[in-house]
Protein chains: 2
Amino acid sequence: MYGVEPGDIFLADCPARLAVEVIADKWAVVVLWGLNDHARRHSELIDLIGGISKKVLTQTLRRLQTNGLVTRTDHGGVPPRVEYELTALGRTLMGPIRMLTEWAEQNGDAVLAAQEAG
Amino acid sequence: MYGVEPGDIFLADCPARLAVEVIADKWAVVVLWGLNDHARRHSELIDLIGGISKKVLTQTLRRLQTNGLVTRTDHGGVPPRVEYELTALGRTLMGPIRMLTEWAEQNGDAVLAAQEAG
DNA sequence: CGGTATCCTATAGGATACTG
DNA sequence: CAGTATCCTATAGGATACCG
């Protein structure tokens with residue numbers, strides 16, 4: 001009914017739901033974006049992003065790791081040096097994310113206006 | 001430092017953060033997707049989506065409304081008839097969302113494999 | 001430096017029942 | 001039909017302190 005077809009986002013086990021699951025938290029997209037150019041260290045991301053705590057950054061990175069989007073490399077030594085980097089899979093996600101951020105740059109004002117009006 | 005430039009997602013008030021704010025909940029993208037083709041009624045969305053409660057659907061629709069992405073039209077009468085439809089602004093967001101769902105269709109298996117491995 | 005550990009609060013979201 | 005109302009729980013996420 002309603003013309004639902006195979007592959008539709010509505011099916012509970014549909015892959016499209018998975019995309020939502022992956023990016024639908026407060027920091028995932030921001031962190032991925034921070035890894036766009038090249039590998040970065042934990043403290044680098046903390047400074048770069050701003051407003052995220054160490055705990056939450058670690059949590060977010062772990063989730064991204066679990067989803068196969070980011071690798072964690074411990075170079076050892078003292079002081080510690082750990083680098084996070086996009087996987088090949090993670091890089092494929094940057095295209096859609098870039099679209100989203102471009103949309104936001106172009107339409108952010110309209111959203112804010114709607115928020116203030118409503 | 002770290003080559004942060006104006007417009008970067010990292011600035012706290014950057015528009016790109018707004019995109020995350022708009023789509024980063026469990027149901028927003030799914031509901032928008034449900035309105036892709038044409039206006040739909042509340043009960044239609046309930047049946048179509050599956051797994052969402054009336055309360056949560058209403059909440060999600062209200063948020064989308066507040067963000068200027070969806071309109072709510074009460075046609076009155078008994079029984080009630082209320083239709084939700086994408087605004088022009090909402091339609092501009094469907095491009096990026098389509099990219100996301102396409103990414104998920106192509107890469108969903110890889111994410112699942114990573115989840116099971118990790 | 002790169003984390004844990006601990007504690008806390010707000011809120012998202014689910015279940016169920018009721019209403020105009 | 002399209003919601004509210006109510007209650008509930010899990011968890012996301014923030015603050016702070018400590019550790020190897």
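Residue numbers begin at 1 in each chain, while the letters A, B, ... track the order of the sequences.
Here CG of Asp47(B) is found 10.5 Å from CZ of Arg40(B). Values are rounded to the nearest 0.5 Å.
Closest to the side chain of Pro79(B), from the set dC1(D), dG3(C), dG3(D), is dC1(D).
Taking only side-chain nitrogens and oxygens, Arg72(B) never comes nearer than 4.0 Å to OP1 or OP2 of dA2(D). Dashed line: the shortest gap from a side-chain N or O of Tyr84(A) to OP1 or OP2 of dC1(C) is not under 4.0 Å. Under 4.0 angstrom from either OP1 or OP2 of dG2(C) there lies at least one side-chain N or O belonging to Arg41(A). Regarding contacts with the backbone of dG3(D), every side-chain N or O of Thr58(B) stays at 4.0 angstrom or more from both OP1 and OP2. Between Arg62(A) and dT4(C), a side-chain N or O to OP1/OP2 separation shorter than 4.0 Å is present.
Other residues sharing the hydrophobic cluster of Met99(B), ordered by chain and number and joined by side-chain separations under 4.5 Å: Met99(A).
Summarising the geometry, the separation between CD1 on Ile23(B) and P on dA12(C) is reported as 16 Å, rounded to the nearest angstrom. With rounding to whole Å, Leu57(B) atom CG is found 10 Å from dA2(D) atom C1'. The nearest whole Å value for the distance from the CG atom in Leu64(B) to the P atom in dA12(C) is 13 Å. Distance NE2 (His42(B)) to C1' (dT4(D)): 11 Å, rounded to an integer number of Å. In this structure, CG of Leu61(A) is placed 11 Å from P of dT4(C), rounded to the nearest angstrom. Here dG3(C) presents its P atom at 13 Å from CD of Glu44(A), a figure rounded to the nearest Å. Distance CD1 (Ile46(A)) to P (dG3(C)): 10 Å, rounded to an integer number of Å.
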Report, one line per pair, each donor and acceptor closer than 3.5 Å where one atom sits in a side chain of residues 76-84 of chain A; sequence neighbours left out.
residue	atom	partner	partner atom	Å
Glu83(A)	OE1	His75(A)	NE2	3.2
Tyr84(A)	OH	Arg72(A)	NE	3.4

Please tabulate, for side-chain N and O atoms in residues 110-118 of chain B, each donor-acceptor pair with protein atoms closer than 3.5 Å (sequence neighbours left out).
residue	atom	partner	partner atom	Å
Gln115(B)	NE2	Asn67(A)	OD1	2.8

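Every residue meeting the side chain to side chain contact (heavy atoms under 4.5 Å, CB included) condition with Asp25(B), not counting sequence neighbours, appears here in chain and number order: Trp27(B), Ala28(B), Thr60(B), Arg63(B).
Within the 4.5 Å cutoff, the side chain of Leu35(A) has heavy atoms near those of the Leu45(A) side chain. Side-chain contact between Leu93(B) and Val22(B): present, with at least one pair of heavy atoms (C-beta onward) separated by less than 4.5 Å. Counting heavy atoms from C-beta outward, Ile46(A) and Leu57(A) have side chains that approach closer than 4.5 Å. Looking only at side-chain heavy atoms (C-beta outward), Leu64(B) and Leu86(B) stay at 4.5 Å or farther from each other.
Taken over five-pair windows at either terminus, the axes of the helix from dC1(C)-dG20(D) to dG20(C)-dC1(D) are inclined to one another by 50° (rounded to 10 degrees).
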With B for base contact, S for sugar-phosphate-only contact and - for none (protein heavy atoms under 4.0 Å), nucleotides 13-20 of chain C reads BBB----B
